Number of protein chains: 2
Amino acid sequence: MYICHMYSSELIKGTLKTIVLNLLKDNNKMYGYEISQKVKSMTNDKIQITEGALYPTLHALEKQGDVTTEKVYIGKRVRKYYILTDQGENTMTERVNELSDFMKTMKFLLDLDTSAQNV
Amino acid sequence: MYICHMYSSELIKGTLKTIVLNLLKDNNKMYGYEISQKVKSMTNDKIQITEGALYPTLHALEKQGDVTTEKVYIGKRVRKYYILTDQGENTMTERVNELSDFMKTMKFLLDLDTSAQNV
DNA sequence: ATTTAATACCTAATTTTCTTAGGTATTAAC
DNA sequence: GTTAATACCTAAGAAAATTAGGTATTAAAT
């Protein structure tokens with residue numbers, strides 16, 4: 001049996017934008033810290049997005065027009081919400097489809113689709 | 001419908017060693033050029049390993065003891081075969097299991113396992 | 001009351017891993 | 001006799017992460 005722990009960092013590389021965009025599709029309004037916690041809890045701590053990766057990614061998504069932002073003050077503490085744009089929705093769909101297709105290809109390549117592995 | 005083309009490079013990142021090790025498991029003896037062609041043909045040109053990525057990876061695998069090499073001359077042209085070591089087999093198993101688990105997690109995270117997507 | 005942990009944002013230096021763009025040389029095909 | 005395919009390689013640069021900091025508010029624990 002494979003004991004679950006955090007994935008080695010190489011794997012997560014390249015999927016971060018896709019993860020963020022997809023979460024924003026389902027939640028329509030999220031802030032950075034919330035995203036990192038959501039991913040952590042949804043994956044049983046197996047994927048932990050570091051802040052050094054997350055914030056630059058969010059800024060890049062804003063710069064390229066896939067998200068807009070909205071600052072909200074909770075007392076004196078600021079929260080920066082990210083909202084998916086129409087363009088961002090298209091980007092999200094493309095990215096998710098590509099990743100989905102890629103995973104199928106990898107499954108075939110690594111011979112993982114021969115039996116009941118898709119549980 | 002999603003039109004198939006080459007995957008954006010970010011996705012392949014982090015999976016190259018796993019791909020190479022897994023191919024060596026099945027073929028027990030392969031050379032660099034052969035590996036790149038095999039991956040290309042098995043994935044209908046969707047994954048094309050560049051030589052600039054492949055050779056350094058092979059050298060790294062040799063350095064860390066996961067593969068050994070064997071030079072063979074075909075006429076005057078040299079071929080450098082790579083053979084999986086016992087250690088490499090363990091590494092391979094770990095990597096493949098990790099990637100497999102990662103893909104399951106991603107599928108769940110991206111909400112891709114709700115219908116008949118696993119065709 | 002004060003320290004610690006959690007919340008919430010951010011950036012800069014470094015590392016890893018790839019792409020791009022070269023280089024050498026042999027052999028087969030046109 | 002040139003081009004394409006085979007077969008190896010490296011170095012410079014880019015991309016995307018990690019590591020390791022920084023600031024500040026609020027809740028929990030001692």
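If you're wondering where the values come from, they're calculated on a predicted model, not measured in any experiment.
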Assert: residue with more 5' nearest nucleotide on DNA chain C, out of Glu51(A) and Ile49(B), is Glu51(A)

Here the salt bridge (Lys or Arg N to Asp or Glu O under 4.0 Å) pairs for residues 20-30 of chain B, sequence neighbours left out, are Lys29(B)-Glu70(B)

field: Working for side-chain contact (heavy atoms from CB on, under 4.5 Å), residues Asp45(B) and Gln48(B)
entry: CA-CA 6 Å; Asp45(B) 298 10; Gln48(B) 291 184 38; 3.8 Å; yes

Sorted by chain and number, sequence neighbours left out, side-chain hydrogen bond (donor to acceptor under 3.5 Å, both in side chains) with Ser36(B) holds for none

Here the pair of heavy atoms bringing Thr43(B) nearest to Val39(B) is OG1-O, 2.8 Å

Q. Closer than 4.0 Å, any side-chain N/O of Lys80(B) to the OP1 or OP2 of dC9(D)?
A. yes

Per atom distances to the Gln37(A) side chain, the nearest of dC9(C), dT7(C), dC18(C) is dT7(C)

Side-chain atoms of Ala53(B) come closest, of dT19(C), dT6(D), dC9(C), to dT19(C)

Which of His59(B), Lys80(B), Glu62(B) passes side-chain hydrogen bond (donor to acceptor under 3.5 Å, both in side chains) with Thr69(B)? Answer is Glu62(B)

Per nearest nucleotide of DNA chain C, the residue lying toward the 5' end, Val78(A) or His59(A), is Val78(A)

So the ring pair (Phe, Tyr, Trp, His ring centres under 6.0 Å) pairs with at least one residue in residues 74-93 of chain A (sequence neighbours excluded) are Tyr31(A)-Tyr81(A)

Next on the checklist: Does a side-chain N or O of Thr57(A) approach OP1 or OP2 of dA17(D) to a distance below 4.0 Å, or not?
Outcome noted: yes

Can you tell me if the side-chain N/O atoms of Tyr33(A) get under 4.0 Å from OP1 or OP2 in dT7(C)? yes

Margin query: Can you confirm whether more than 12 heavy atoms, excluding those of Lys38(B), are under 6.0 Å from its NZ atom?
Written below: no

Side-chain ion pair, Asp66(A) and Lys17(A), N-O less than 4.0 Å | no

For nucleotides 11-13 of chain D, which of its nitrogen or oxygen atoms have a protein nitrogen or oxygen under 3.5 Å away, and what is each distance?
none

Between NZ of Lys71(A) and C1' of dC9(C) the distance, given in whole Å, is 9 Å

Touch class at under 4.0 angstrom, heavy-atom based, for Glu34(A) against every strand present: nothing

Ordered by number, residues from residues 23-32 of chain A within less than 4.0 Å of DNA chain C (heavy atoms) are Tyr31(A), Gly32(A)

Dump every N/O contact between nucleotides 23-26 of chain D and the protein below 3.5 Å, one line per pair.
from	atom 1	to	atom 2	distance (Å)
dT25(D)	O2	Arg77(A)	NH1	2.5
dT26(D)	OP1	Lys76(A)	N	2.9

Rounded to whole Å, the CG-P distance (Leu16(B) to dT16(C)) equals 16 Å

For dC10(C), take OP1 and OP2 only and decide whether either is under 4.0 Å from a side-chain N or O of Tyr55(A).
-> no

